[in-house]
Amino acid sequence: MQRALGVCYYPEHWDEAVWAEDAARMAAAGLTYVRIGEFAWSRMEPQPGQYDFGWLDRAIAVLGAAGLKVVLGTPTATPPRWMLDRHPDMLAVDADGRLRKFGSRRHYCFAHKGYIAECVRITEALARRYGANPAVAAWQTDNEYGCHDTTYSYGPSALAGFRDWLAQKYQSPDALNAAWGNVFWSMEYREFDEIELPNLTVTEANPAHHLDFRRFASDQVVAFNAAQVRAIRAHSSAPILHNYMGRIVEFDHWDVGADLDIATWDSYPLGFLEDRSDEGESWKARFSQQGDPDFQAFHHDLYRAVGRGRMWIMEQQPGPVNWAPWNPAPLPGMVRLWSWEAFAHGAEVVSYFRWRQAPFAQEQMHSGLLRPDSAAAPGLAEARQVANELAAMPDCAPAVARVALVFDYESAWAWTIQPQGRDFDYFRLVFDTYRALRRLGLSVDILPPDCADLSAYKLVLAPGLMRLRDNLRAALARFNGLALFGPRAGAKTADMAIPASLPPDIPGVTQRISRVESLRPGATRALPEGAFLRWFEHLDGAGSVHLATQGGAPALVGEGNMRYLAGWPDAVAFRAILGELCVQAGLETHDLPEGVRLRDTASHRFFFNYTTAPVQVLGQSLPPAGVLWQAL
Ligand code: GAL
């Protein structure tokens, strides 16, 4: 398996005179890949239909001559201003009905047929021109689908597309009315054309209406991406990838990934800690220069699965970013740590964003490997160190883990639509579970909700999985390890209704949920060790009870190798419950120092110190931001 470094570069931002020197410096720093092009539409096609690829020909030639491999991006995240003259209605509309205007990026509606045709046209022009170019080693479609809240649009193209989508799915308005339960509040429709998008209703719209809208919107992202993939594949055999983001759940990444060769993602540990973490102030203060110790790993594992084993970091934070509420510098050593952690989780390439800090426009305060004056920024030396270490290090290909965690985008939509408690969030529930597993020193695989084979695993967890797909049901019937579902699993039908026989609709669970409670901050249901917070389900009926609350209510139930958890555990309860399940499943756990994480590959065990103090690991002192590996 290859392991290499790369960088994101914008030749159109710089005088052509510096390209050759930039390329030579990249190669000298040990970088192999260079991604270009993804925002350059106004230079590729300055006027509608008038292409100018001369500069791109020369840029690719210069980079290729330095031995670099080019990842060429399609520029469809930044349609030029003239595009609006051709398609005035292509802009997205937000849930409040406001137009999302030109002047930054991602200003398009995924359902706009005219814009999709323009994207196919420019993609085809690029693929024809560069599809056989030996310097072009891979293609990136668009840039960060869903970033800046762009999955959903509530404009005319989305409305027309949604009605078509519903007509195809249900065939008759009566079938839709029955599935959604539209007799409630006299919401029954006579024609598909009477159905609106689920925004701007007086009070909440029907959750089934919302869920279908989210499925529709996700399908638009899939189709948008697939159209570009087809255009590229017609002219190139190089792998095609997309750069996903951290904690974006609005579209189904499993579905998009099915059309791509590699899943990549953009890892900004410090930005994400400030911008996307649910943890409190003291946690953020503690990790402000290191990032959350589990956030990157979670996404590495998620996207390794989305890429069916092939994962890259397309953009790695190299220094302070500009977009979080606070933007500190990484602790010395963290750029190296993040890079090695990605490799330990199976990354083939870690590519830094960006080569040189731009002195102009929106990201002028965002660091690069070089300062705006071309002097080296601190990240460059760490990248160079990683390059040297990679050259000296034997392969560390990923191994199949023994523990797996199911991640399901539809469940994320369902619980966003109907949280029932203000702080019930699907991503957070799965991520808390992942963190608890990592604190026990476990390496984890992430699985899709329709996973058909669990045979590699000793323990499989599916918190919050709204419904079980047939494949997973069949796989569970053959499964010999332990499976833990809940809380809030098997809780809805595909139509977002409560199952007729009451939840949980999970094999091997005989009790029924007779009522659920969401718990305000500070309210808990105490367990022998720790407590449930946020969510608690009352389980009635006969069946085995493996753990009860201090009040005597069932907390963990299930027959045979199936277990169901009736609430959202705090960290102490997670440790106790998962620790015990690991013992039963025959899984070895590890007592790691606080803030230290472990990851096993096929050949090595890695330790990462996310703290600001040295820690003792394997009888050695691991410095702050330190990485240690040991052959297995
Ligand atoms: C990413 C994006 C890049 C750049 C970067 C800044 O989300 O793909 O184009 O904006 O953030 O951190």
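As the structure is a computational prediction, the values presented were derived from the model and not from experiment. Atoms within a ligand are numbered from 1 in the order they appear, just like the ligands themselves.
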Protein residue, atom and distance nearest to [atom], heavy-atom basis:
atom: atom 5 (C) of ligand 1; value: Tyr268 OH, 3.3 Å
atom: atom 7 (O) of ligand 1; value: Glu144 OE1, 2.5 Å
atom: atom 9 (O) of ligand 1; value: Arg105 NH1, 2.8 Å

**OP:** Return a yes/no value for His366: is any of its N or O atoms, backbone included, closer than 3.5 angstrom to an N or O of ligand 1?
**Re:** yes
**OP:** May I ask you to check whether Tyr10 has an N/O atom sitting below 3.5 Å from an N/O atom of ligand 1?
**Re:** no
Subject >> Polar side chain donor-acceptor pair, Asn225 to Thr141, under 3.5 angstrom >> reply: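 Yes, because at least one side-chain N or O of Asn225 sits under 3.5 Å from a partner of the opposite role on Thr141.
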Original post:
When you check the side-chain N and O atoms of Arg214 and Tyr152, is any donor under 3.5 Å from an acceptor?
Top reply: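 Looking only at side-chain atoms, Tyr152 and Arg214 do form a donor-acceptor pair, the distance falling under 3.5 Å.
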Salt bridge or not between [X] and [Y]? Use side-chain N to carboxylate O under 4.0 Å.
X: Glu315; Y: Arg35; answer: yes
X: Glu281; Y: Lys284; answer: no
X: Arg286; Y: Asp292; answer: no
X: Arg121; Y: Glu45; answer: yes
X: Arg435; Y: Glu279; answer: yes

Any idea which atoms of ligand 1 are less than 4.0 Å away from a heavy-atom of [X]?
X: Asp266; answer: 8 (O)
X: Phe39; answer: 9 (O)
X: Asn143; answer: 2 (C), 8 (O)
X: Trp323; answer: 6 (C), 12 (O)

**OP:** Would you indicate which of Met314, Glu315, Arg354 comes nearest to atom 2 (C) of ligand 1 when only heavy atoms are counted?
**Re:**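 Checking each option, the heavy atom nearest atom 2 (C) of ligand 1 is found in Glu315.
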Original post:
If you draw the axis of the six-membered ring of Trp413, does the NZ or CZ of Arg215 fall within 45° of it and under 6.0 Å from the ring centre?
Top reply: no
Original post:
Under a 4.0 Å heavy-atom limit, does Glu363 contact ligand 1 with its side chain, its backbone, both, or neither?
Top reply: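 Within the 4.0 Å criterion, Glu363 contacts ligand 1 through side-chain atoms alone.
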